[in-house]
Structure formats: structure tokens, C-alpha cells
Amino acid sequence: MSEYLILRHRAIPGLERLPVYLEHQGFAAFKKAVMELPPAQVIQMVKDSGLRGRGGAGFPTGLKWSFLPNDLWPHYVVANADESEPGTFKDREIMESNPFQFLEGLMIAAYAVQANVAYIYIRGEYWHIARWLDQKIAELEQAGLLGERLFGTDYSLRIYTHLGAGAYICGEETALLESLEGKLGQPRLRPPFPATAGLYNRPTVVNNVETLANVPLIVLNGPAWYHNYGTDKSPGTKVFSLSGCVNRPGNYELPFGVTFRELIFEHGGGVPEGRTLKAVMTAGASSVLIPMDESVLDTPMDYESLNKFGGSLGSASVIVLDDSVNMAWLTQKTVNFFKHESCGKCTPCREGTYWMNRLAERIVRGKAGLREVELLYQVARQMQGKCLCALGEFSTLAVVSSIDRFRADFEAVVTKEPIYG
Amino acid sequence: MGKMVTLTIDGQVISVPQGMLIVDAAKKAGIDIPVFCYHPKMEPVGMCRMCLVEVGRPVIDRTTGQPILEADGTPKIQFGPKLETACTTPVSEGMVVRTQTQVVAEARRGIIEFLLTSHPLDCPICDKGGECPLQNLTMAYGPGESRFQYEDKMHLAKHVPLGELIYLDRERCILCGRCVRFQSNVADDPVIAFSQRGRALQIVTFSEPGFDSYFSGNTTDICPVGALTTADFRFGARPWEMIPTASICPHCPVGCNLTLNVRREAAAGGREVIKRVMPRQNEWVNEIWICDKGRFGYHYTESPERLRQPLVRKNGRLEPATWEEALAFAAEGLRERSGVVALAGGRLSNEDFFNLYQVVTARQGRAVLYSTMAGGDYVQRYGLSGDANLAGLGKGDAVLVVATDLHEEAPLWWLRVKQAAERGATLIVANARPTKLERYAAHVIRYAYSEVLEKVQSLLAGESPEAQALAKATNLVIFFGQEGLSLEASEALATMLARLLVQNGQAERPLSGLVAVWPHANTQGGWEIGFRPDPDLAHTLATAGAVWVAAADPAGDDPILAQALEKAGFVIVQDLFLTETARRADVVFPVQAFTEREGTWTSGERRVQRFYPAVPELENTRPDFMIVAQVADHLGIPLVGRSASRVFDELARALPAFAGLSYTRLAEVVEQWPLVGRGDLYYGGTVYENTQGLGVRLARMSAGAELSEWPAVEIAPAPADDALYLVPVVRLYDQGQTLVPSHLLQQRMARAALYLAPATAAQLGVQTGERVEVSAGEWAETLTVYVDANVPVKAGLVPRSTGVPLRQPLWVRAQRAVLEPQP
Amino acid sequence: MNTLRAKYADEIQAILAKYPPEHKRSAVMPLLYLAQREAGYVTVQAMAEIAEILEISITDVASIVGFYTLYYDQPHGRYHIQVCTDLPCALRGAEDFLKALCQALGVEVGQVTPDGLFVIEEVKCIGACHRAPVFQVQGDGEIVFHENQTLETALAVIEALRQKAQQEKEGTA
Ligand SMILES: Cc1cc2nc3c(=O)[nH]c(=O)nc-3n(C[C@H](O)[C@H](O)[C@H](O)COP(=O)(O)O)c2cc1C
Ligand code: SF4
Ligand code: FES
């Protein structure tokens, strides 16, 4: 890695402590924004930087901020720290080790849309991180960087953490808002989008932790600087969470456009001895399976290039699969995850994930034939395009792509080798 | 009307108001798009995904802003990559919707198949079988065979009592959320909710008692499957075996439109019996809802305690008699006596009141309304008028609610006032204690019971924010009741409120006016016909030559009236039951229940509505108006007595407000929105379409006529410092004769008790469960105490019709009752 | 009597202060954590008290408890040993790890150890995939991650908790 923008703590020891962070131009961007820049200008800078959301969809961040109507108040900003996609552990590292950069990004976002309250919705399992952030927030308040009438202006800001309690769907922004309002974490209809009717029915920005962590440097160094990294359409760096059958799993911050080969072999150290790379999932469990061969390995990883595999970069949670992995088994794992996490609100997802899970279980237990494999495929297809939110759609991706692309694995389990006896 | 939008649905070009959802627009055009979670009375949630359709929109040229045209000159239409939910997508100009394509049919088949994977398919034993949207849609679109293996089915509890009124079958539930949304958003009783998630999602209740809501029965109508059923009807009958009859709820002055479902029943000796009570749509009155009292409170009509034979007093005892004997006996009793007093209660029909009024006036007698509340004459002059519908209230309007707890006394008005407030009307609630309606109020006026008139008078002064809100309202609707008021005070209150309307300039507006929250369905009808309450009823009865009581039980309500009645010369009673009053009568006539006869009632909003005979009359009973006419006949007074409609014709001829009305007019309908109860029960639920009459509002009587000064009523000040103001309050489920036979409601019925504020209780040195003796003069009662923070200090609330003989508020002395040690 | 409110007045105030007063309902999740810390699970009594504090129906509170996996409405053992066996962890031996752990403790997944202290549970991804096998311990109002585990280290963690419980018991006895 040449340079860190997000995982700067790896280069600067102690960055999680306020004095150290301040020494490294910490909160200079926020101070500059509040004291010198009109909110619209901050939004414009983020727009110009080309920063795209790191939560999965890659939506342009500045554009999102600019959607908030200025005739309906108050505005809110919510940091999405629900990080629950299997294979994703990047936001955690940012919050644990570079908390102030994330908080500063959140604060700039709040200033840009003139929100006076921001929430961090953080998954319940990250209980210790919420505690940790609470301390950091308290330090900021003590240091006068957060609170009432900041730097002598009339801008005030409070940040609060809010713990989730074990529900993947609460990472979906509207379910997150419902949950934050004290209701069942089930997604809302969109439109209206949070930008116009979000938290408490007020205009709200929801951004991923990593997205926000990019903001201070953009404001500090300017949008043009940001384009030094990544590709034209996907500028900047991305923190890739690398997991699965790979020698050195972990987070890797690399510019967009890095190839699979570089990520998996150069950084991740390749697959364990004696095995070969079989496939990759790029968006955790919510991915299609991309079969890997030499030609595919050189595909650049950015928001556009993966389209040709019917896939998307998502949160860049790269799960590496080698030839020891049977894809029928993998399918059962993923559908079981989605069955467990389906909120139950819409029919196709609720019933479809349940049904797929029963089928997949029977398949891996050797209690089914190819007919069930076909049925599993059809059920997944029948769900597609009909669900209320993306979770249902996600649940079908591994199923359809694995049956399409790794049919032999299914044939193997239904005919000879059940995986769970 | 707002902007109109033109779109094409299945080739049909239609124009509908902007903002309308595709599903509703299609409905208007006669195209049914199947839905489960959508309900036209609730906000869409788009969760069942049954209503997916193809939606195309014109492609707009970005530079010109004009639609791009095809070669043939028609606008180029672009269809999205995915189907869209018709229930959440508003129409837009030039939109093209396809609901009949292969893709849509496939989607419907898919959704049905998904729903059926966890559905028990127990239609043959399901109450909803025959009127079940899921069943019907399965026939229409469902997969021919199951691809789902039986062992993969989720097995769930099938008879889950959500309280004692409503049962849930978890296997049948398709998780559409209608019930939950109805309870939280419409009824605002969020006592049922979803718990768990995914396929384990299920409806739960944790309230005490379970499913604690006066509106719970409505969920069984809108549940699109047989998951929610009432304990009253479960396994009672199959929908197709029942005959529907239009009726009106007899329990309160709202006048909700009902349909009675009747079936011939072996268990009832081959008689036709009522199997269930369903709402009937009337968007002016109850929309498509009814409260649980209306739904479950009909059993009194089939009580074994009903009177089945005329009784005549012989040798000091009431003995069975033939009709001829009894009629002659009654006429004889009247003939000899002058000073006849008719005392009639608000359960009578307009026809009954009218005939009774004719006889007593022909005999120079008095027509007394059995009521402790006044103001009906003001309602005649300052009530709502024309087709004014409470649904029309919104921003810029105001609603004032005084001295009544609408949630307990008239639940549908509570609902409609709440909705008006939600639409933006300014709600002002004035009462001595908090009531549930206050949640939606912009202003709350709290007073001590003795100060109510002063408080209301101050609204006329126009200085307080409340007064200003009232003054600037375009429309002002005022609901008033009688809580804490004597008859005289209630008269004064009505006068002031009428004055308020006049002073604010709202009196002439159709959607402004007084609505009286009467204790009975037709008390207003009694006023219209000329009955008036009597402030000195005991004296009037005691000195009457003869008393003719119909639908009233003064002796049961008040020992003083019982004594008075014993002094009356001759007593005729018409009733369903052998009441305390009937026991003291010289002749008793058994009357028909509203389910057995026809007639009309006038609601508190002055809407006259017809009810129809649903079951054959109980043998040997007659309708009140007929009994009156037959007695009159013996006296040589000719009255119409054979047919209710002809009595009504007479009435319409005699009373200006009724001019031009007839049974035929009352049976007229116009198309109402939303369209319900047709072939597609999935849209509105099992509520009945109204085909038998929306009723007609009476004409306003010379509105604007001079308003009298109100009498200077002073509510008696406390006779002593430690005196307690005992106030009868209405609870929806009381222990009146028309409710007690509905055993299902037993657990929820109010009991005789004395509700005290904590401070008052402390003063008396009592706690919940202990007893207090209250007394005034000869009158004394010992009551069990409930300490309740919502009770005003110095007041004691006593639920009405629970056996405590308290008709009007009363100052009493109170002391802790020391119980004799039990042996 | 609202025991939660009486006992934790300040903490409850601090929680409520995070949300606009007209949206108190937002505090339901933190209050449920508080109640769970108190009793080890959320009792019906606690739900009623939370409903009262937030002015919502108890049914609405119960509905939340049922939706989220980190709340329990039944007593289940003091410590939930929650092993992640989701895809990325499973690819790195989590399923075998779980099996071995169960065997060593002599319980099956979902069962409480005879001393009533531990219940082994399987959970979905907890965001520690690169350090599999991993588990988290939920109990005493906390959630603590244990990463890069072996059977030995896991048993040591459990033993330490057992001793802590034992000492507490003796301390109070
Ligand atoms: C099922 C589902 C789960 C999601 N989980 C997360 C998550 O854990 N973290 C996250 O930041 N975004 C998640 N998202 C994406 C969010 O809905 C939303 O797009 C994101 O928070 C926007 O932030 P961004 O623009 O900064 O990416 C999820 C979306 C779906 C459909
Ligand atoms: S009980 Fe009926 S109305 Fe309620 S969610 Fe289930 S199917 Fe829908
Ligand atoms: S999603 Fe449209 S009716 Fe349910």
C-alpha cells in the first residue's frame, strides 16, 4: 500500500487518541467548514470529489446531501454503522482505530446539511465500539469541538450512539430509521427517500461509516486531490474486507480499480497451499459467485467493472472460495443467513427465503434430487424483482449464480456426497 | 377538486384525481387488481406484493420537456425493468398500466404460491371460506399443484385467543399487517403487533385484557383470510348460508349501519337466528367500521328473559292475559283517568314516539322524554344540515367536545373526530377529567364539574386561545354530553353552545352545528316528535292520573321514581323485559326487538335511518307503535297501526322537519367511495355494501331564530367542605338490559364502583378495594372504591347502569364503611 | 411501581435525553438493554415498565423484543457463548470449532450447561471474519468478542467466567 486515506492509523500510531489526531490536522476540515465554508459549498466539494457511498450501492454522496429540502426542519444525519454483511469488518476497524476521522466526517456531513443532531446506528454486537465512541464524543465535547455554538458561530451539534440488537436488515437505511424510531426494523417503502422523509419523517442523510471517513480529507485537500486515487468514475480508495480461503484475511485499503489478482494474491497471500482459486464473492453473502480464472483475475474492482458478471462491488467484502468449497454447501449457508435475517415484511422474501432454506438443507443432506435443485433455482427466480427491499433480491444471487455456474457441485451432493449427514 | 390525470389501464383511458393510487384508479374503472395488504382506508405499505402490475410512463425529451413520440404519433412509453406495486404507485399523466399480461399473471401466481407455502388450506372448516380473498385469488391465479412439500410447512398454533373476543389462527395468517395497522393507525389502540421476524413473524397481544380495544371486531372484517375470527361467530355458520338484512345499531346515538346475518338453525328449533352483526357501509355515519358493542351486543334480542305475553294486574298480581284482554284493560284504565303522562325512552323508533305522542296529546296528556339531558331542541335548530359529513372537517375547521367521553359513549364519533383532528381540524376537548380523545386535542379545557358553565361561558367572551380558535374556524361542530350535569345545567349548556355558533357566524353553515351525545339511539327522535324531559319527574309521576311507560325503566333506575310510580293512578308498560317498572305496572305489553320489526331512528346528527326486520318476531310480541295504536283504537282515537311505513308517512305529513320523507326516500343510495363488498372482498373486506339506504338528514328547524337567554343555572355548590360530587359516567360496556345478555362481554363490563382521586381516597382513609358509604338524605349506597389518578378531586365517579341508582349527579356525604366482621 | 424507573432514574434520563421528547419511543432499544442487564432477560414486568416510561403499549415493546436476536424474553443461562458459523467463518473451520466446543462442554447448541451459566449459540456474522474462529459472550450487560480462538483458549475464557460467577456467589453467601 502506497498511501492510506482511511486506515491512516496503520501509518500513524496512536491516531485513535485525540491529541495525536489533532496533531495530524485533525478537525481542521471541520473547523474550516464551520467557520469559513457555507454549507452549500461543502456539499459542492463532496460532489466534485466524486465520492460514492461505501455502504453498498455506490450512490454519489454529495448528490445525496443536496437532496435535502430546505423548507422542512430539523434535518438529521445518521451514520450507518450496522455493518452486518457476512464478510464485512471494515467499519469496525475504522471506528476502533481511527474513530476521530469518522466522527469528523460525520460532523462535516451534519454541518453541510445543517443538522444539529446526528446519530450513529451501530450494530449491537459492536457494543464495545459504541462505548468507545461515546468516550470519544465526550472528549470532543470537552475539547469544544462538539456541542453548542461551535467556534463562536451559531452552529451546534450533538452526536449520539444508538445500539442495534441483532438484525442485519437494520443496515438497510429505511429499516435502520424505523429501528432508530423504536419500531420493528422493517424497511419502508421508497419513495419517499430518507432525504425527504427520513428520521421522524424529517429530511435525513444516511451514510456509511467509511463514506464519512473520506470526507475530512476531501474538505481539507480539495476535490481535485481526491481524484488522484482510484478510477475516473470511482475515485478514491476502498477498504476491502478480505475473508474466506485466503492466507492473509483482513482489511486492505486500495485504490478503486485494483484487480482481483492484486488483492487476493499480492495482498492476501493467495489461497492456502495446494488449493486453487475457484470463485469470489465481492459483496459478502449478497453476491453472485464470480468463477475465477486467469482472465477474470485481472478485472479491476470498481463499481462498474463487475456488471459484466451480473455482480456488483457492494461493500467490497471479498470472500475467496477455493476448490475445497462445494457451492451447494455455500448456497445453503447463504440462504440460511437470509432466512434468518429476512424481516418478514414482504411475501416473496419471507416465504421465499424460508422455502429456499428448506430446499437447500435437504439438498446438502442428500435428501433431495436434481428436481429440488431445479425447484430451488425456480423459487429464487420467482422472488427476483418482486421484493420490497434489496435483501430479498440479495438472497437469490448466490443461489442462481451457483446453480448456473457450478451445477456440478449440486449434482455431486445430490447423487453421492451429502455434506451434512 | 384537484387536478385530474389521464392514464390508460388495460387499454381503457380514464381520468382520476392526481395523487390517486393505481389500484384505486383501476377500481374506479372497474378493473380489479388483487391486493392483500392494501386497504383503501389505510396508508399503503406495499408489503404483500400481490398487486404487482406493469407500469409504463411516457419518455420525456429532456431538452424540450415534451413527450417523445413514436412513429405513429403516440407517445413513446417506457416500461420499467420491474413490476410495480399498484397499491403504492400514484397515477401520473400519460401512464400506461397493464394488469392482464403474462408477466403479471406469473407474478400473481408466484405470490399466491408463496403465501400458500405456509397456509393450511383448511378452507372446508374455515369461517372465511366462501368469502375469502385468498381462496378466490387462488382459484383465479394460483398454481394448479403444490411444489411445496408438506414436511416443509411451518406448523403454528391454530386457536390463539387474543383475549376472549378475537381468535387468531397463526397458520392462516398471511402477515398482511392490516389488523396491526388498523389497530395502531385507525383505532389508535396498538394492542396487537408483529413479533419475531421472517417466517416466524406473528401477531401478538400483551394487553390486559387481550386485544383491549373497542374496535377489535373490525379486524376480522378486513383480515383477508380466516386468521382472525370473533369468538361470537367462530364455527357458527358458512357465509353462503346466511341471509343479510340491513339494520341500524341500537346502542348509541351514532346510528352505525349494520347488516344482520341470519340463518335458520336446527339448534334453535328451526328458527331463524342472528349469526353475526357486520358493518354496512355508510360514509356519512360509520364509514365501514363498527364498535364491538354494536357487533357483539345483539344477544339481548334473543334473551330467554324476553316478555312473551301481555300481563294484567288481577287481585294485586300480574297475570298472563291475551292481547285482547290486555288492550281492553289498558284502554279501560286510561279512559277513566285524566292527566295521562307518556314516559318514553330513546330506544323507541320515530314511529313509536309519534303514535304515543298522538294518543297522549289527544287525551290532553304530557309527552315526557325519559332523559336527564336536554338540548335536543337546539340540535333541531343548530344541528348539522344537508349532506354535511364529518369527513368534510379538516384544516381551518374546529371541533369542540364538551362534557362527554366520546370513546365510551359513541365510539364511532370518537373515531371520526380523531380523524378530523388528524386531517388538521382544531380539536378542543372540555371535560372535568382526561379522556382518550385529548391525545388529538389542540386545546384541553379542564374544569371542576361545578364550573362547567362558567368555563363554557368564557368561550363566548372570546379571549382565551381556545375561544379564538373556535371563533376563527370555518366550520365548527360541537359534541356535547351530560357528564356531571343536571337536566337544567344541560339545558343551559346547550343554549350557550348554540349561542357560540351564532356569535361566531357558523350557525348557518351546513357543516357546523350541535351534535348531542344522547344515551340512546333515538333520543333525538323523541325531541323531534315533541317529547321533552321533565325536571321534576318524580312529582309528575306521583301526581299523574295514568303513566304510560315505553322503553324506560324509571323504577329500576331510581328508588325515588319507583316510589313515585307507585302513587300514579294507573301504569301501562311496554318493554322487552319484566323491568322493575313493569313489575309495578297494571298492564304490561311485550314488544318486539329491533331485529324483528321495521322502523326508523334519528341519530344524534339528525340522520333518519331505517332498520329492517331480520328475524321473525318472537311469538306474541308486537311493535310499540302498533300496541299504542291498538290501545288508542279502544279509546276511539284513530291511529295508523299496521305498518311502520304508513305511520312514518303520517309523521312526515305532521312534522315540518320530516317533510317529503318516506321509507322509499330513506332507502335511497348513491355510490360511495371506496367501493366495497362487491365481488372482490380483498379490497374492502367483508363489510357490506349499502344497498338499502343511507338515510336522510332532517331539515334544520328555523335556524337563526331568536335565541333565548339561558337560565341562570347554578350548579349547586358543595353543601359541606367534605362533600363529594357523585357523578354517573358512561362506560361502553355497562350492565344495562340490552347488554348483559351478551355474555361474551361479561369480563369487560363495568361494575358498580366508586372511582376516587388519590387525594380524595386519602382523605377518606380508603384504598382500592375498600368500601365507602355515600349518602344524601334518605339515599344511601355502599360502594367499592377504585383509586384512579384521572378522577377530579372532590368527585366520585360511578359507572352508569351498573346497578347503582344514580341518574343525575348528586352531592353526597361519604365515609369509610366499616364492615361488620364476617362470621 | 416502576422498579426500573426507581432504580435507574439517572441512566434512564440520560437515555431519554438522546432523543427528541416527542419521540421518546426511540429509547425502547436502550431501555431493553438496561432491563436485560438487570434480570439477564427481559421480563414481562420490565416490558410493562418500559411501556409506561415511553408511553407506548406493552405490546409494542414486546414486539421489539421478539424481532431482535440480542434480546431474550426467557432466562437462558447467564452467558450466551455465541459462535459465529456464518459463511466466512465456516470457511475457516468455525463449524468444527463449534462442534468441539459443544463436545467439550457436553451440551448441544441451544442447551444450557448444568450449572445454569452458559448456553452455546450459533450466530450469524459478527464482523470478525478475518479472525475466525470467533465467538462473543453476551451476558452481564456486555458483549465481549473473543477472536482467533482455539478450543483451549475458548475453554479458558469459559473457565474464567465460571470462576467469576463462583466468586460472586461465595462473596454474597
Ligand atoms: C439488506 C441491506 C443491508 C444493508 N446493510 C448495510 C450496512 O450494514 N451498512 C451500510 O453502511 N449500508 C448497508 N446497506 C446500504 C444502506 O441501505 C444504504 O444504502 C447506505 O447506508 C447508504 O450509505 P452510503 O451512501 O454512504 O453508502 C444495506 C442495504 C441493504 C439492502
Ligand atoms: S391476522 Fe389477518 S389481517 Fe392480520 S396480518 Fe394476518 S392475515 Fe393480515
Ligand atoms: S403490496 Fe400492494 S396490495 Fe400488498
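In the text below, chain A, chain B and the rest are named by the order of the sequence lines, each starting its count at 1. Atoms considered below: every heavy atom in the structure, side chains included; atoms not considered: hydrogens, waters and symmetry mates.
- The closest donor-acceptor contact from the side chain of C:Arg92 to the backbone of A:Cys245 lies at 3.5 Å or more, if one exists at all.
- Both the backbone and the side chain of C:Tyr19 come within less than 4.5 Å of a heavy atom in chain A.
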Subject >> Test log, rule salt bridge (charged side-chain N to carboxylate O under 4.0 Å, His left out), inputs C:Arg131 and A:Glu93 >> reply: CA-CA 13 Å; C:Arg131 297 176 187 152; A:Glu93 180 173 346; 6.0 Å; no
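- For the residue pair A:Ser179 and C:Tyr68, a side-chain donor N or O sits within less than 3.5 Å of a side-chain acceptor on the partner.
- Ion pairing of C:Glu95 with A:Lys333 is present here, as a side-chain N (NZ or NE/NH1/NH2) and a carboxylate O approach within less than 4.0 Å.
- Chain C forms more heavy-atom pairs under 4.5 Å with one residue of A:Ala285, A:Gly250, A:Ser243, A:Gly185 than with any other, namely A:Gly185.
- When every heavy atom of A:Tyr126 is checked against every heavy atom of C:Ile126, the shortest pair comes out as CE2-O, 3.4 Å.
- In this structure, C:Ile64 and A:Leu184 approach most closely via the heavy-atom pair CD1-N, 3.6 Å.
- The residue among A:Thr161, A:Ile169, A:Thr88, A:Asp91 with the most heavy atom pairs within less than 4.5 Å of chain C is A:Thr161.
- Interface check for chain A: of the options C:Cys125, C:Ala132, C:Ala27, the most heavy-atom pairs under 4.5 Å are formed by C:Cys125.
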Subject >> Check against side chain to side chain contact (heavy atoms under 4.5 Å, CB included), C:Met29 and A:His162 >> reply: CA-CA 8 Å; C:Met29 295 181 71; A:His162 181 102; 3.7 Å; yes
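- Between C:Pro30 and A:Tyr160 the shortest side-chain heavy-atom distance does not fall below 4.5 Å.
- Using a 4.5 Å cut-off between heavy atoms, A:Cys170 contacts chain C through its side chain alone, with no backbone atom that close.
- Both the backbone and the side chain of A:Lys183 come within less than 4.5 Å of a heavy atom in chain C.
- Between A:Gly124 and C:Ile143, the closest heavy-atom pair is O-CD1, 3.3 Å.
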Original post:
Hey, mind stepping through C:Leu87 and A:Phe337 against side chain to side chain contact (heavy atoms under 4.5 Å, CB included) and telling me if it holds?
Top reply: CA-CA 9 Å; C:Leu87 177 63; A:Phe337 171 79; over 6 Å; no
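- The NE2 atom of C:His23 lies 10.5 Å from the CG atom of A:Leu180; values are rounded to the nearest 0.5 Å.
- From C:Cys129, atom SG reaches atom CG of A:Leu242 across 10.5 Å, with rounding to the nearest 0.5 Å.
- Side-chain contact check for C:Phe67 versus A:Gln186: some heavy-atom pair is nearer than 4.5 Å.
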**OP:** Could you walk me through whether A:Glu125 and C:Val123 pass side chain to side chain contact (heavy atoms under 4.5 Å, CB included), step by step?
**Re:** CA-CA 11 Å; A:Glu125 292 82 353; C:Val123 292; over 6 Å; no
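- At a threshold of 4.5 Å between non-hydrogen side-chain atoms, the residues C:Lys124 and A:Tyr168 do not count as touching.
- Under the 4.0 Å criterion applied to side-chain N and carboxylate O atoms, C:Glu22 and A:Arg202 are not assigned as salt-bridge partners.
- By number of non-hydrogen pairs under 4.5 angstrom with chain C, the leading residue of A:Glu85, A:Met281, A:Arg123 is A:Arg123.
- Between A:Phe89 and C:Gly127, the closest heavy-atom pair is CB-O, 3.3 Å.
- Neither the backbone nor the side chain of A:Asp322 comes within contact range of chain C; no heavy atom of the residue lies under 4.5 Å from a heavy atom of that chain.
- Top candidate by heavy-atom pairs under 4.5 Å with chain C, chosen from A:His128, A:Glu341, A:Arg131, is A:His128.
- When every heavy atom of A:Gly164 is checked against every heavy atom of C:Tyr33, the shortest pair comes out as O-OH, 2.5 Å.
- Distance CG/A:Leu330 to CG/C:Leu91: 7.0 Å, rounded to 0.5 Å.
- Put simply, the side chain of C:Tyr71 never gets that close to the backbone of A:Gly166: no donor and acceptor are under 3.5 Å apart.
- Ranked by non-hydrogen atom pairs under 4.5 Å with chain C, the options A:Ser241, A:Ser317, A:Ala165 are led by A:Ala165.
- When each of A:Gly87, A:Ser84, A:Ser324, A:Ala167 is checked for heavy-atom pairs under 4.5 Å with chain C, A:Gly87 comes out on top.
- With a 4.5 angstrom heavy-atom cutoff, C:Ala17 touches chain A only via backbone atoms.
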